[in-house]
Amino acid sequence: MNIPSGEDSFDFAWKSDKITAMQKRLLVWFQVNGRHEIPWKLKSDGSKPQQGEALNPYGIWIAEVMLQQTQLKVVVPYWENWMESFPTLRDLVNATEHKVLMHWQGLGYYSRARRLFSAAKSLLEWIGDADPLAPESWPNDLETWMALPGIGRTTAGSIISSAFDRPTPLLDGNLKRVLSRLVANPMPMNSCLSRSWDLSNQLLDRQNPRDFNQALMDLGAMVCKPHNPNCCECPWKLDCIAYASSRIKDFPVKSSSSPMPNQVIGIGVVFNNDGTVLIDQRLDEGLLGGMWEFPGGKKEPEENIKETIVRELREELAIEVEVGELLIALDHSYSHKKLCFVVHICRWISGDPVPLESQQCRWVRPDELNQYPFPAANSKMISALKNYLQQKTNPL
DNA sequence: AAGTCGTGGAA
DNA sequence: TTTCCAAGACT
């Protein structure tokens with residue numbers, strides 16, 4: 001029995017000859033306008049792979065994980081640095097999580113790096129005695145890839161269509177936006193995912209899945225942009241319902257977002273008598289998992305910032321400190337909260353640090369800080385600390 | 001199944 | 001300046 005639901009209101013199917021025409025027009029547009037210089041989509045000699053020709057899945061897998069919620073131009077330098085340090089799967093498996101996080105610092109969503117490292121071990125096991133440098137030794141099916149940590153349907157589909165040119169649909173941010181406009185989807189994209197996957201699968205060119213998927217993402221990134229799309233250049237403008245009805249700006253329909261809380265965080269850069277400073281490694285779970293930081297915590301309404309720092313270091317590390325001068329105050333936004341970090345230089349008084357709410361803590365010389373992976377806000381604190389120490393030693 | 005997870009580019 | 005939001009996954 002077919003019960004009408006909300007999603008059925010935009011149930012959509014194109015005729016096969018229309019889809020064929022759309023595929024052809026998109027691929028023609030792609031040949032002329034697409035992004036063809038993406039390093040992990042080229043062969044080792046720099047040339048484009050033939051239709052159906054396999055590429056080395058290793059570099060593609062790394063890139064696709066880096067690309068989750070991250071723009072192409074941000075990823076490229078990280079990917080190149082990564083491939084220099086970990087050129088093969090074996091190199092990665094033989095590395096340490098510390099070194100892996102060092103290569104991820106500044107890129108965000110750090111659980112990706114730890115899951116990637118975990119998946120590397122599973123992949124090498126799956127490959128077994130076969131040659132990991134040969135593409136045919138790697139899994140080429142959706143189920144195997146999706147079983148790995150940190151790899152969902154879109155990332156798995158990207159890897160499979162990019163590396164093996166196998167027909168696998170995608171549904172990333174670009175496709176969601178393009179599809180939403182194409183069919184004038186009245187619902188927020190995240191509330192009708194199965195329909196959207198169906199649309200992506202309908203459109204997919206099964207003869208050229210690698211180029212087609214890349215073309216669709218390029219179309220989203222370069223033409224069907226979030227703001228001010230270049231509809232006049234779009235190969236699908238005559239197929240687009242939003243364009244035909246002059247309602248491009250109405251799509252995609254956004255779901256309501258909750259306001260971000262604002263918090264003040266007190267941070268202590270604690271100096272020991274020997275000139276070392278105290279850092280700790282965050283728990284694997286939660287925000288910035290596995291990364292190192294200067295200790296601190298959220299200011300309570302009734303206390304001032306110095307009281308916050310004294311209390312937090314007592315609660316988290318069981319140490320007593322004297323809070324000194326302000327090092328830096330900086331605003332920093334995460335996905336779901338806005339923070340203001342107020343960082344003070346502190347002097348250690350008593351208590352051997354105990355990692356009560358972290359994995360471990362360590363006294364390090366300031367010049368050793370670059371050997372630890374820090375999130376972006378902490379990197380700014382380190383820069384401020386270096387300036388501070390330089391001015392201390394070279395007073396004008 | 002809504003919330004949680006970073007950062008920086010772009011307007 | 002603030003605001004949006006990106007080649008999403010996980011719980």
Side-chain angles (χ1 to χ4, degrees), chain A residues 34-35 38 40-41 60-79 101 104-116 118-119 145-163 168-178 180 188-194 196-197 200 210 212-222 224-229 249 252 254-262 282-291 293 330-339 373-380:
Chain A
R35 299 177 288 191
I38 301 172
W40 49 87
K41 304 202 78 169
I60 291 174
W61 161 54
I62 302 300
E64 293 301 340
V65 174
M66 288 183 170
L67 284 163
Q68 291 167 2
Q69 292 287 284
T70 310
Q71 293 180 351
L72 175 63
K73 66 176 61 174
V74 177
V75 163
V76 169
Y78 277 91
W79 183 85
L101 284 174
W104 211 273
Q105 60 177 331
L107 197 52
Y109 287 135
Y110 298 99
S111 66
R112 291 183 295 175
R114 291 182 292 107
R115 289 172 179 145
L116 186 68
S118 168
W145 280 102
M146 286 183 66
L148 295 169
I151 298 185
R153 191 169 173 187
T154 289
T155 301
S158 295
I159 294 168
I160 291 164
S161 64
S162 291
T168 317
L170 308 184
L171 189 60
D172 71 331
N174 287 309
L175 276 131
K176 286 178 182 173
R177 184 172 57 258
V178 172
S180 172
M189 291 302 288
N190 288 333
S191 58
C192 53
L193 290 179
S194 68
S196 306
W197 277 105
S200 176
R210 171 158 49 206
F212 179 86
N213 280 338
Q214 186 62 50
L216 205 36
M217 288 190 287
D218 286 1
L219 186 73
M222 304 169 70
C224 197
K225 300 177 293 182
H227 304 293
N228 305 319
K249 285 183 178 172
K254 284 173 274 188
S255 52
S256 62
S257 59
S258 50
M260 292 204 290
N262 230 318
R282 296 175 64 91
L283 299 175
D284 280 344
E285 303 305 315
L287 185 70
L288 307 170
M291 300 295 279
E293 65 176 4
L330 52 94
D331 294 317
H332 192 81
S333 293
Y334 296 116
S335 300
H336 282 69
K337 49 188 161 187
K338 290 181 180 175
L339 303 184
F374 287 95
N378 275 263
S379 296
K380 293 177 183 172

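In what follows, chains are A, B, ... by sequence order, proteins preceding strands, each numbered from 1.
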| message | According to side chain to side chain contact (heavy atoms under 4.5 Å, CB included), who are the partners of Thr155(A), at least two apart in sequence or on a separate chain? | response |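 If we apply the side chain to side chain contact (heavy atoms under 4.5 Å, CB included) test to Thr155(A), skipping adjacent residues, the hits are Glu64(A), Val65(A), Gln68(A), Ile151(A), Ile159(A).
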
Under 4.0 angstrom, heavy atoms only, what part of the nucleic acid is [X] near: base, sugar-phosphate, or nothing?
{"X": "Lys338(A)", "value": "sugar-phosphate"}
{"X": "Arg35(A)", "value": "base"}
{"X": "Lys254(A)", "value": "sugar-phosphate"}

| query | How long is the line joining CE of Met222(A) and P of dA7(C), in whole Å? | reply |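 Nearest whole value for this atom pair: 12 Å.
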
| Whole-Å gap separating C1' (dC10(C)) and CG (Leu116(A)) |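 To the nearest whole Å, that distance equals 16 Å.
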
| field | 5′-ward residue of the pair Met146(A)/Leu72(A) relative to DNA chain C | value |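 Here Leu72(A) is the residue nearer the 5' end.
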
| Nucleotide-resolved protein contact map, nucleotides 5-11 of chain B, B/S/- at heavy-atom distance under 4.0 Å | BBB-SSS

| task | Quick one: closest heavy-atom pair of Phe374(A) and Glu293(A), and the distance? | result |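 Answer, listing the atom of Phe374(A) first, then Glu293(A): CE2-N, 3.7 Å.
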
| field | Side-chain donor/acceptor of Tyr109(A) to backbone N/O of Met66(A), under 3.5 Å | value |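 Checking the backbone N and O of Met66(A) against the side chain of Tyr109(A), no donor-acceptor pair under 3.5 Å is found.
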
| message | Quick check on contacts: within residues 150-160 of chain A, what sits under 4.0 Å from DNA chain B by heavy-atom distance? | response |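 Per residue number, the list is empty: none.
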
| request: Would you give the length of the straight line joining atom OG of Ser255(A) to atom CE of Met189(A), rounded to the nearest 0.5 angstrom? | output: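 Reported to 0.5 Å precision, the distance equals 11.5 Å.
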
